[in-house]
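Atoms considered below: every heavy atom in the structure, side chains included; atoms not considered: hydrogens, waters and symmetry mates. Numbering starts at 1 and runs along the sequence shown. One-based numbering, in listed order, for ligands and for the atoms of each.
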Amino acid sequence: MIRTILLGPPGAGKGTQAAKMVEQYHIPHISTGDIFRENIKNGTELGKRAKEYMDRGELVPDDLVIEIATDRLTKDDCKDGFILDGFPRTVHQAEELDKFLAGRGEKLSVVINLEVGDEELMKRLTGRRVCKKCGASYHIVNMPPKKEGICDVCGGELIQRADDNEETARNRIRVYDEQTKPLIDYYEKAGIIANINGEKGLENTFSEIRKALEA
Ligand code: AP5
Ligand code: MG
């Protein structure tokens with residue numbers, strides 16, 4: 001049973017690797033960032049609250065995120081495992097997740113920590129383009145679409161994420177260093193972390209992830 005977290009700084013490749021993991025293992029990919037963006041798109045109250053933090057590259061308050069994430073984990077499709085992407089992001093969130101899982105007699109199998117240097121992160125974030133319609137993700141240099149500005153999957157328009165401008169991206173990396181990095185220590189102490197080099201190419205990184213998940 002795979003109950004895993006993808007940990008790593010903004011642009012480390014969490015979403016990209018998660019998409020490959022879904023294909024391989026057929027378990028749901030739960031990205032709190034995606035859930036917030038969907039809510040922003042649909043103009044919900046939650047979306048409005050989250051947007052003011054996301055646009056600055058700050059974290060959305062813990063109570064809001066914890067409720068959304070644990071609520072999602074109670075859905076039927078999570079009973080055979082799940083991939084959490086971008087949650088938890090603070091020690092408090094991690095503790096609450098542990099409590100939530102323990103209450104259900106479940107625990108995490110492994111935490112995948114994707115390691116990528118800051119300079120590479122900035123290149124990935126500022127060069128990322130996403131499909132407005134289906135959310136598929138590209139990179140103008142590393143993973144360009146077949147036709148510039150057009151999604152290979154659905155033909156939708158490719159746009160830049162609101163928080164992928166240089167200034168906000170830098171702040172996101174800073175916020176990661178301050179608030180999320182301590183989780184590496186947290187999961188190291190729990191003995192369930194797998195540190196994986198995220199700069200060795202998409203396929204190599206995926207194969208390292210598979211090894212960690214299947215160990
Ligand atoms: P979220 O959406 O989770 O953003 P993030 O953590 O900043 O991560 P990204 O989605 O930017 O990067 P990624 O690691 O998924 O990289 P990707 O695969 O796309 O969160 C956004 C915001 O929501 C937060 O700032 C916060 O405000 C809020 N939020 C969410 N969760 C929260 C929580 N738990 N608590 C509080 N607030 C929360 O790849 C990036 C680019 O690189 C792409 O262009 C891709 O094509 C390219 N790329 C990927 N892999 C490779 C590779 N191996 N080689 C070359 N290029 C690659
Ligand atoms: Mg992502």
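Looking at Ala12 next to ligand 1, an N or O pair under 3.5 Å apart turns up. For Lys14, a nitrogen or oxygen atom sits less than 3.5 Å from a nitrogen or oxygen atom of ligand 1, counting backbone and side chain alike. When only interatomic distances are considered, the shortest N/O to N/O separation between Thr16 and ligand 1 falls below 3.5 Å. Between Gly13 and ligand 1, an N or O atom pair is found at a separation short of 3.5 Å.
In terms of protein heavy atoms, atom 12 (O) of ligand 1 is closest to Gly11 N, 2.9 Å. Here the heavy atom of the protein found nearest to atom 19 (O) of ligand 1 is Arg128 NH1, 2.6 Å. With respect to atom 22 (C) of ligand 1, the closest heavy atom belonging to the protein is Met54 CE, 3.7 Å. Closest protein heavy atom to atom 20 (O) of ligand 1: Arg89 NH2, 3.2 Å. Scanning all protein heavy atoms for the shortest distance to atom 46 (O) of ligand 1 gives Met143 CE, 3.3 Å. Looking at atom 37 (N) of ligand 1, its nearest protein heavy atom turns out to be Val60 N, 3.0 Å. Atom 41 (C) of ligand 1 has Arg124 O, 3.6 Å as its closest protein atom, hydrogens excluded (heavy atom only). In this structure, atom 10 (O) of ligand 1 lies nearest to the protein heavy atom Arg161 NH1, 3.0 Å.
Counting atoms of ligand 1 from 1 in the listed order, those under 4.0 Å from a heavy atom of Tyr138 are 43 (C), 44 (O), 46 (O). Atoms of ligand 1 found under 4.0 Å from any heavy atom of Thr32 (numbered from 1 in listed order, with element): 30 (C), 31 (N), 32 (C), 34 (N). Within ligand 1, counting atoms from 1 as listed, the ones closer than 4.0 Å to a heavy atom of Leu125 are 11 (O). Distances below 4.0 Å separate heavy atoms of Arg37 from the following atoms of ligand 1: 2 (O), 21 (C). Taking every heavy atom of Gly86 and a limit of under 4.0 angstrom, the matching atoms of ligand 1 come to 31 (N), 32 (C), 33 (C), 34 (N). Proximity to Arg172 (heavy-atom distance under 4.0 Å) selects the following atoms of ligand 1: 4 (O), 5 (P), 7 (O), 9 (P), 11 (O). If you number the atoms of ligand 1 from 1 as listed, the ones under 4.0 Å from a heavy atom of Gln93 come out as 33 (C), 34 (N), 35 (N), 36 (C). Taking every non-hydrogen atom of Gly15 and a distance limit under 4.0 Å, the qualifying atoms of ligand 1 come out as 13 (P), 15 (O), 18 (O).
Counting heavy atoms closer than 4.0 Å to ligand 1, residue Glu58 contributes backbone atoms (N, CA, C, O) but none from C-beta onward. The proximity of Leu59 to ligand 1, defined as any non-hydrogen pair under 4.0 Å, involves the side chain as well as the backbone. Residue Asn142 touches ligand 1 through its side chain alone, judged by heavy-atom distances below 4.0 Å.
Within the structure, the closest approach of Ser31 to ligand 1 does not fall below 4.0 Å when heavy atoms are considered. Heavy atoms of Thr205 stay at 4.0 angstrom or farther from ligand 1. Ligand 1 lies nowhere less than 4.0 angstrom from a heavy atom belonging to Gly127. Taking a 4.0 Å cut-off on heavy atoms, Arg129 fails to register as neighbouring ligand 1.
A cation-pi contact links Arg56 to Tyr53, judged by a cut-off of 6.0 Å to the six-membered ring centre and 45° from its axis.
Atom-to-atom distance recorded for Leu73:CG and Leu101:CG is 6.5 Å, nearest 0.5 angstrom. Separating the CD atom in Gln179 from the CZ atom in Arg89 is a distance of 10.0 Å, to the nearest 0.5 Å. To the nearest 0.5 Å, the span separating NE2 on His29 from CD1 on Ile83 amounts to 7.0 Å. Considering OH of Tyr186 and CD of Glu95, their distance stands at 5.0 Å, rounded to 0.5 Å. Interatomic distance, Asp85 CG to Ile112 CD1, rounded to the nearest 0.5 Å: 12.5 Å.
Tyr138 places a side-chain N or O within donor-acceptor distance of the main-chain N or O of Asp152, the cut-off being under 3.5 Å. In this structure, His139 contributes its side chain and Lys123 its backbone to a donor-acceptor pair below 3.5 Å. Proximity of a side-chain donor or acceptor of Lys14 to a complementary backbone N or O of Pro9 within less than 3.5 Å is detected. A donor-acceptor pair is defined here as one N or O able to donate and one able to accept, closer than 3.5 Å; no such pair exists between the side chain of Asp80 and the backbone of Asp77.
Side-chain polar atoms of Ser207 and Asn204 form no donor-acceptor pair below 3.5 angstrom. Between Glu58 and Asn171, the side chains place a donor N or O and an acceptor N or O closer than 3.5 Å (distance only, hydrogens not considered). When only modelled atom types and interatomic distance are considered, Gln93 and Asp62 share a side-chain donor-acceptor pair under 3.5 Å.
The salt bridge (charged side-chain N to carboxylate O under 4.0 Å, His left out) pairs that include a residue from residues 20-34 are Lys20-Glu203, Asp34-Arg37, where partners are two or more places apart or lie in different chains.
For CZ of Arg49, the number of neighbouring non-hydrogen atoms (other residues, nucleotides, ligands) closer than 6.0 Å is 12 at most.
Every residue meeting the side chain to side chain contact (heavy atoms under 4.5 Å, CB included) condition with Lys41, not counting sequence neighbours, appears here in chain and number order: Glu38.
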